[in-house]
Structures are given as structure tokens and as C-alpha cells.
*Asks:* 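Structure below; questions to follow.
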Protein chains: 4
Amino acid sequence: MSKIESNKQKKRDSLLNASFDFFMTKGLEKTSISDIIEKAGVAKGTFYLYFKDKYDIRNKLVIHKSAQLFSSAYEALQEAGLDNIQDKIIFVVDHIIEELSDNKALLTFLHKDLTWGIFRRVLDPHSPFAEEINVGGIYKKLLEQSGVVFVEPDIMLFMIIELAGATSYSAIVDGIPCSIEDLKPYLYRSIKDIINAHIQD
Amino acid sequence: MSKIESNKQKKRDSLLNASFDFFMTKGLEKTSISDIIEKAGVAKGTFYLYFKDKYDIRNKLVIHKSAQLFSSAYEALQEAGLDNIQDKIIFVVDHIIEELSDNKALLTFLHKDLTWGIFRRVLDPHSPFAEEINVGGIYKKLLEQSGVVFVEPDIMLFMIIELAGATSYSAIVDGIPCSIEDLKPYLYRSIKDIINAHIQD
Amino acid sequence: MSKIESNKQKKRDSLLNASFDFFMTKGLEKTSISDIIEKAGVAKGTFYLYFKDKYDIRNKLVIHKSAQLFSSAYEALQEAGLDNIQDKIIFVVDHIIEELSDNKALLTFLHKDLTWGIFRRVLDPHSPFAEEINVGGIYKKLLEQSGVVFVEPDIMLFMIIELAGATSYSAIVDGIPCSIEDLKPYLYRSIKDIINAHIQD
Amino acid sequence: MSKIESNKQKKRDSLLNASFDFFMTKGLEKTSISDIIEKAGVAKGTFYLYFKDKYDIRNKLVIHKSAQLFSSAYEALQEAGLDNIQDKIIFVVDHIIEELSDNKALLTFLHKDLTWGIFRRVLDPHSPFAEEINVGGIYKKLLEQSGVVFVEPDIMLFMIIELAGATSYSAIVDGIPCSIEDLKPYLYRSIKDIINAHIQD
DNA sequence: AATGAATGAGCTTTCATTCAT
DNA sequence: GATGAATGAAAGCTCATTCAT
């Protein structure tokens, strides 16, 4: 990579990191371009050289960060040596919940700004973001390897993500209705029920 | 109520209605005080006589609107003549989902702006908002009447609300992962499973 | 007029005068809102309380200033005691040229920014700007009083204004192709010819 | 011409053409250097290798385009076989008006940006732009060939150009005060009068 | 209690120009 | 000669909030 190219990458990363910090602490709407460029240490105009506006940078961040979470959970799964599909899925969910417990700001950011409209691109194997990690393909492979046939696997994944996402956010961030550790037995029990409800007889 | 008092109430309601319309269509951040007072037909300064800022008015709206939803669902439940607790809860959830399907703007508003921090006040029987409707008390009474003993009924309610809220929002507004009608069987099955998981043996 | 009303008028006039000074010296495009409000001694937001943008204030100025020029020329005409229509028209043209010779900045401003689209409103008796002075009505009355019948009086007025405007601008501002005094005999001769060409036999 | 030289010429022309397109459609002030270099397909810095700023490129365009218009009209005149000087001048004016009627954008561009300060260089036989076409020399020759002696021929040319320019712009672009076709009889009559007023007895 | 004129900080965005490569 | 990344001043405009009336 030439000096210019590496310098460009540095600037872009600088902007992404600065944006991320502010989105997590102040939220999207309360973060201004001025905040971002000041922290990133670049000029105003430079921002617009790399991103259309703050919604553009937000989308790119959401996709990148969520793909990263899955990626890390999947790597851990490989080494966990589980063979039951229910256990595998709960392992992945648990891994992500653990990471988010340690990073509440990231959790808040993703909870507010991760819409299905955007997340779909992470799941879509044909999306340009699939480079980072092919989440959709991995999920599909996981189900196939289980030897079990599933009814409506997309709805199943959707319900697990929504239930886990909504409840764990509230528990981790607000402690409502209880701590995440207290919630987990109930949550995982429900996830198991959801999986079982989608297994074809 | 004196003429002055009723005039004040009229102004207050005017501001609440105008805000609600804008919050639903433009969203909280994109709605300005000017938008609100213009539609409400009052002067700029008058806004600050009744509310601290737009976040104040937002909170009051969220509580009022969500209490209304439960109230309407509960009234219908009285006349439905159901005796099973599972059926009763699913009836209420279904009633609310139906109302929100017909009023997507309200759904969007509540989804974005209804936090547990605020909603807690609707459930709390000692909150000043309990005047409107004592949601927490009604839920408790419902469980008692069922003759069944529940483990952690608060967690149970929480999980039902979060699962139903998150999945139905996505299905109704974006049609993801499917229509709300297609989702219902899976959703209600999961709700039943959640309830059963909380029944004490 | 209440204190508030008179204060508003003062602010509005302040903005108009400041704009006018800048439009004349720097031109429309090179004048910024900041220039204007600074000279006017009001806050940024105040500008937008009175005008939509700088094009709005420009239009209002152009109309006002050109109506003023005609008004002043017409008053002088009343006292000149001329009876010939050719002499009357040339008197008005000459009066305006004299005023503009003494005020080159105004000439430049009107030359650049006085379009027929805008000026039409000064001529139109039904325009809201006709309050200031009914230029169109006066011109019509002048022709009627002359006892002469004119063919296409609108085209005649148009040609006189365009010829006088374009040539006198160049002569006064740039001295091209000669001084305004040297140009006058030729210009007025041509105006007379234009008038005569429009008299019905 | 060497390959390098022709490449340079290509870049220069590219910039001129791109500028012209934008000046005609968006106007000078609303056209940015970025617009120009993007359409021209060269780098930002390259612009400054060929032109000082956009006013520089504008001046060069105005001169080139107006010389072209005269050139084309003069060529047509050669083949028209007219012998009367009035007819010849009106032929040239008419030819230019016809071309501009078919190219309103060019008309707008020249009307706004063709100042006498710039145009003088087209007329001046000693100007470097006289290479393209010696408009001033041709006009002088035309008068000489007519056998008539003119008083102040420069003023005469000036008045014709200003009258024709100002009135035909308004008629063609805005249809004010009438269509260009309806205006022509009055305009050409006035031009004839102007010419006659400059013939020495 | 109600008004709405006034404020000015702060927003997003554009742009001519420079200069290291 | 040519490039285009980077700059940062400056543009137009919005807005929550204040306060004299």
C-alpha cells in the first residue's frame, strides 16, 4: 500500500472511530460533524471526502460492529466442541451477550441504530458487506449440519434475535426486570422452546 | 372547572395533540418547538408554560398512549369470556397488535420512544400516571384469578412484552421476516411457552 | 404605531438599507447574509424573520428603488409645463438618467438586478407594489392626454426603456462608447423616432 | 503540433467546453470548479494550470462565442447579395437573433456575461483575440463600401447592439413584451432610424 | 397567563486553493 | 505536467430559549 493509500485509510479509520465513540455516548442525533472531525483530528471538508453524512457513517459502523460480534462468537463456537444445535445457538447468543455486557456503550449503540433494514445486509450473502463475514451462510450451514429439518428457519432466527436483543438490552443497561445473569435461565429456556417449535416432526 | 381552567386544559391538549402528530410522522429529533406551537395555534412562549421541553412532552405522551392501549385491550378482554390465563394474555397481546397494525405511526412512535424507564411508571401502581389505568394491578389480579402460581411473574411479563414488541414491530412496519399474520402462530406459541415456563410445578 | 411595531419597522429598514449598500458595491452573489446583518446591527435569525433569503430582499429593493425613480421624475414633470408627448417622455428619461448619473451604484444595482420579470410588478396596476406608485397607470394616462393614438404602446415603452437603460448604463459607468452627455443627442433622437414609429396615422 | 502540445490543447478545450455547458445552465456563480473539472475529466489542480479562476475562463468563452456569432453572420452576408448598408446591418442582426433564438442558453450566457469591457476586445483590431475574427475591421469596411459617410459610427454600432441585445433577450427568453417575431418589425424600424440618424447630409 | 420578536450559537455543507507526490 | 487528498474559512439556515410587553 502506498503512503497515500495508507494515509487515506488512517483518516477513514480515524473518522469511524471518532464517530463510534460519540454515537455510543451522545447518540446519533446529538453528535455533530464538528464533534467527529475534532476528535478525529481532520478538517471539516475531509469528512465529506469519505462519507455522505452521519447516517452513512452510522450504517457502515453498525454493519461492521455487528459482523464483528458474530465473527468472534463463531470463532469461539468452533473450539467449544458442542454437537447439539440448541446448545450451539445458545452458545453464540451467550457469547454475544457476554461481550455486550462488557461493552454497554456498544450495546446501546447497536440497540438504537441496528435496524433490520441495515442488518439484513449482514445476513445477505450477496451484500457487499458479506466480505467481512457471511453470517447468513454460517447460520444455514449450522442448521444443515445438525441433521434436523427446520420449519421457517428465517422466522426462527428472527425471533431469537429479537427476543434476546430486546430483553438483554433492558437487563444489561437498566437492570430491568432483573440482572442479565438472573434473566439468562428464562431467556435460554425460551430460546430452546423457540427452536423446538421450529423443528419439523 | 372555571373558564380559565378549561382554557388552560385546551391549550395543553392542543400542544399534546400537535406534538403527537409530529412525533409520529417526523420523529422526535426532527420535530421542532416551532412545528408544535404552529400546529397547536399558541405562541412560542406558551409552550414553556406547560412543558419543560420536547422530551417532557414526549414522556407524557408515551405514558398516556400506552396506558390507553392496555385499557382498550382490557375492556375487550372483560367481554371475551375467556377463563384460561394463557388465552387471556394472548388475547390482550393480540388486541394490542391489531390496534397497532391499524396505526403504524403510533407503533413507530411507541417503539422508538417507549423505554422501560418510562413504561415502568405505567406499571407502577404508586406512580401518578396510575390514575389513567393501573396496568400493574390488573396484571397481578389476572394472575391471581387464574388459580395458578407463577415464578417471577415480572420477568414473564417483561419477556412477553419484549418479544411481542420487537417482533411485531418489525413484521408490521417492514414485513420482516414475514407479515404479522404469518408471524402470529409462531409468536403466540412462544408466548405460551414463556408462560408455561413460569408456572410453578 | 406601537413601540413594538415601530421597532420592527426600524429593523426591517435597517436590513433593507444594509443589503442595498452591499448589493450596490459587492453585487448580489458576493454579498452574504452575514455581511448584511452585521451592518444592520441585528442577529442572524432576525434576517429570516423579515425575508426569505437574499433574493427576496433583492426583489423588494429593486421594486422600491425603481418606483422611487419614476415617482421623482413624474413629480418634476408636473412642474415642467410641457405639453408635447415626445418632450414629456424624454423629460422623464432624462430626469432618471440624471439621477442615475449622480448615483452610479444605484445604476449598477438596477442594471444587474432589474429584470422585466420583477419590473412588471411595478407596471402592473394590480400588483401589491402598485401602492408605492402606479407607473403603468401614469404612463397610460400620459398617452391618453396627448390626444395621439398609439400602436402597441407596451412595445413602445419597452423599447424606450431597454434602449435608454442599456446605452446609458454603458456610457455612465464605463464611458463607452462616449460620455452620457455626448450620447444624449443620439439617444433622444432615437427615442423620438421610436415614439413616432408608434403613432397611428 | 507535438503529441504533448495536442494533449494540452485537448485538456484546455475540455475545460472550456465543460465550463460553457455549466455557465449556460447553472450560471457563473452557481458553477463550481469541481463541476467543471469533473465534466472535463481532469484533476482539480489541472484547472489552475490553464486558467486563473472561473472568471478568466468565462471571459475567454464570451469573446470566443460572440466572435463566432459575428463570423457566422458575416459569412452568410457575403452570399446574400445585398447592396444597401441598412439591409446589410439588419441582415447581420437578424442572423444573430435567429441563431440565439435557437440557442437560448447561449443567449442567456452572453446577455449576463458579455460586458462592453470584454466585448471591446472583440472589436479592437489590435487585441490578441482579433485573430479569431476582426469584427471591428469588418464593420469599418462595410461602412466604407457603402459610399455613405457616417457621423460617429462607433456610437451608431453601440446603440444598435444595445437596443437589439436588450430587447431581443427579453422577447426571446421571457416573451416580454411580445414574441421575437412580433417585435422584429418595430426593432428593425428603429435600427433603420438609428442608422439614418447617423448619415451625414 | 399569554405573547412573539429577538437572539446568537451552532448546525450541515460547499468550495477555491494548495502542495506533496 | 498532472494529480487529487486535504484544508478550513465561510456560506445559508435553524432553533431552543428568553423576556419585554
Side-chain angles (χ1 to χ4, degrees), chain A residues 2-12 14 29-38 40-55, chain B residues 3-5 7-8 11-12 29-38 41-55, chain C residues 2-12 14-15 29-38 40-55, chain D residues 4-5 7-8 11-12 29-38 41-55:
Chain A
S2 78
K3 197 172 165 192
I4 281 187
E5 279 306 307
S6 85
N7 214 313
K8 278 174 67 175
Q9 195 56 47
K10 221 185 277 170
K11 286 236 150 60
R12 214 189 102 99
S14 221
E29 296 294 346
K30 296 272 175 274
T31 299
S32 71
I33 306 287
S34 288
D35 289 336
I36 296 169
I37 59 107
E38 207 170 310
V42 303
K44 265 269 178 66
T46 306
F47 179 92
Y48 294 93
L49 243 35
Y50 292 93
F51 304 100
K52 206 183 141 288
D53 52 29
K54 62 180 173 181
Y55 302 97
Chain B
K3 200 172 163 191
I4 284 184
E5 277 305 305
N7 208 323
K8 278 175 64 175
K11 285 216 157 50
R12 214 188 102 98
E29 296 295 345
K30 298 270 175 278
T31 298
S32 70
I33 307 286
S34 285
D35 288 336
I36 297 169
I37 59 107
E38 206 168 310
V42 304
K44 264 269 177 66
T46 306
F47 180 92
Y48 294 91
L49 253 31
Y50 292 93
F51 303 99
K52 201 183 147 285
D53 52 28
K54 64 181 172 180
Y55 302 97
Chain C
S2 78
K3 197 172 164 189
I4 280 188
E5 278 306 307
S6 85
N7 214 312
K8 279 174 65 174
Q9 194 57 47
K10 222 186 275 171
K11 287 239 150 56
R12 213 187 105 99
S14 221
L15 286 165
E29 297 294 347
K30 296 272 173 276
T31 299
S32 70
I33 308 287
S34 289
D35 289 336
I36 297 169
I37 59 108
E38 207 169 309
V42 302
K44 260 282 177 60
T46 307
F47 179 93
Y48 294 94
L49 244 35
Y50 292 94
F51 304 99
K52 204 183 141 287
D53 52 28
K54 64 180 171 180
Y55 302 98
Chain D
I4 284 184
E5 277 305 304
N7 209 324
K8 280 175 63 176
K11 285 215 156 49
R12 214 188 102 99
E29 295 296 346
K30 298 271 174 278
T31 297
S32 70
I33 307 285
S34 285
D35 289 335
I36 296 169
I37 59 107
E38 206 169 309
V42 305
K44 265 267 178 69
T46 307
F47 180 93
Y48 294 92
L49 253 29
Y50 292 92
F51 303 98
K52 202 182 146 288
D53 52 29
K54 65 181 171 181
Y55 303 98

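We name chains A, B, ... by the order of the sequence lines, and we start the count at 1 in each one. Quick note: numbers below take in every heavy atom, side chains included, and nothing from hydrogens, waters or symmetry partners.
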*Asks:* Which residue, C:N7 or B:T46, contacts DNA chain E at a nucleotide closer to its 5' end, judged by nearest heavy atom?
*Replies:* B:T46
*Asks:* Using a cut-off of less than 4.0 Å, is there contact between a side-chain N or O of B:Y48 and OP1 or OP2 of E:dT3?
*Replies:* no
*Asks:* Taking only residues two or more places apart in sequence, or in another chain, which ones meet D:Y48 in a side-chain contact (heavy atoms from CB on, under 4.5 Å)?
*Replies:* D:I33
*Asks:* Judged by each residue's nearest nucleotide on DNA chain E, which is more toward the 5′ side, D:K54 or A:K52?
*Replies:* A:K52
*Asks:* What is the distance from OH of B:Y55 to P of F:dC15, rounded to the nearest Å?
*Replies:* 12 Å
*Asks:* Return the set of residues passing salt bridge (Lys or Arg N to Asp or Glu O under 4.0 Å) with A:K10 (not counting sequence neighbours), or none when no residue passes.
*Replies:* none
*Asks:* Which comes earlier along DNA chain F counting from the 5' end, the contact point of A:V42 or that of C:K30, where each point is its nearest nucleotide?
*Replies:* A:V42
*Asks:* Looking only at heavy atoms, what is the nearest atom pair of B:K54 and B:E29, with distance?
*Replies:* NZ-O, 3.4 Å
*Asks:* F:dA10 phosphate, OP1 or OP2: any side-chain N/O from C:S32 under 4.0 angstrom?
*Replies:* no
*Asks:* Closer than 4.0 Å, any side-chain N/O of A:K44 to the OP1 or OP2 of E:dT12?
*Replies:* no
*Asks:* For C:I33, which contact category applies under a 4.0 Å heavy-atom criterion: base, sugar-phosphate, or nothing?
*Replies:* sugar-phosphate
*Asks:* So what is the 5' to 3' dot-bracket string for DNA chain E, if pairs are Watson-Crick or G-U wobble with both distances under 3.5 Å, crossing pairs use [ ] and | means the partner sits on another strand?
*Replies:* .||||||||||||||||||||
*Asks:* Just the table, please: protein N/O against nucleotides 19-21 of chain E N/O, every pair under 3.5 Å.
*Replies:*
unit_1	atom_1	unit_2	atom_2	d
E:dT21	OP1	A:K3	NZ	3.2

*Asks:* Of all residues at least two apart in sequence or in a different chain, which pass the ring pair (Phe, Tyr, Trp, His ring centres under 6.0 Å) check with C:F51?
*Replies:* C:F47
*Asks:* Would you please confirm or rule out a distance under 4.0 Å between OP1 or OP2 of E:dC15 and any side-chain N or O of D:S34?
*Replies:* no
*Asks:* Could you state the atom-to-atom distance from CD1 of A:I37 to P of F:dG8 in whole Å?
*Replies:* 9 Å
*Asks:* Is the shortest side-chain N/O distance from D:K8 to OP1 or OP2 of F:dG1 below 4.0 Å?
*Replies:* yes
*Asks:* Between C1' on F:dG1 and NZ on D:K11, what's the gap in Å once rounded to a whole number?
*Replies:* 9 Å
*Asks:* Which residues satisfy the side-chain contact (heavy atoms from CB on, under 4.5 Å) test with D:E38, sequence neighbours excluded?
*Replies:* none
*Asks:* Mapping B:T31 and C:D53 to their closest nucleotides on DNA chain F, which lands nearer the 5' end?
*Replies:* C:D53
*Asks:* What contact category does D:Y50 fall into here, base, sugar-phosphate, or nothing, at under 4.0 angstrom with non-hydrogen atoms?
*Replies:* sugar-phosphate
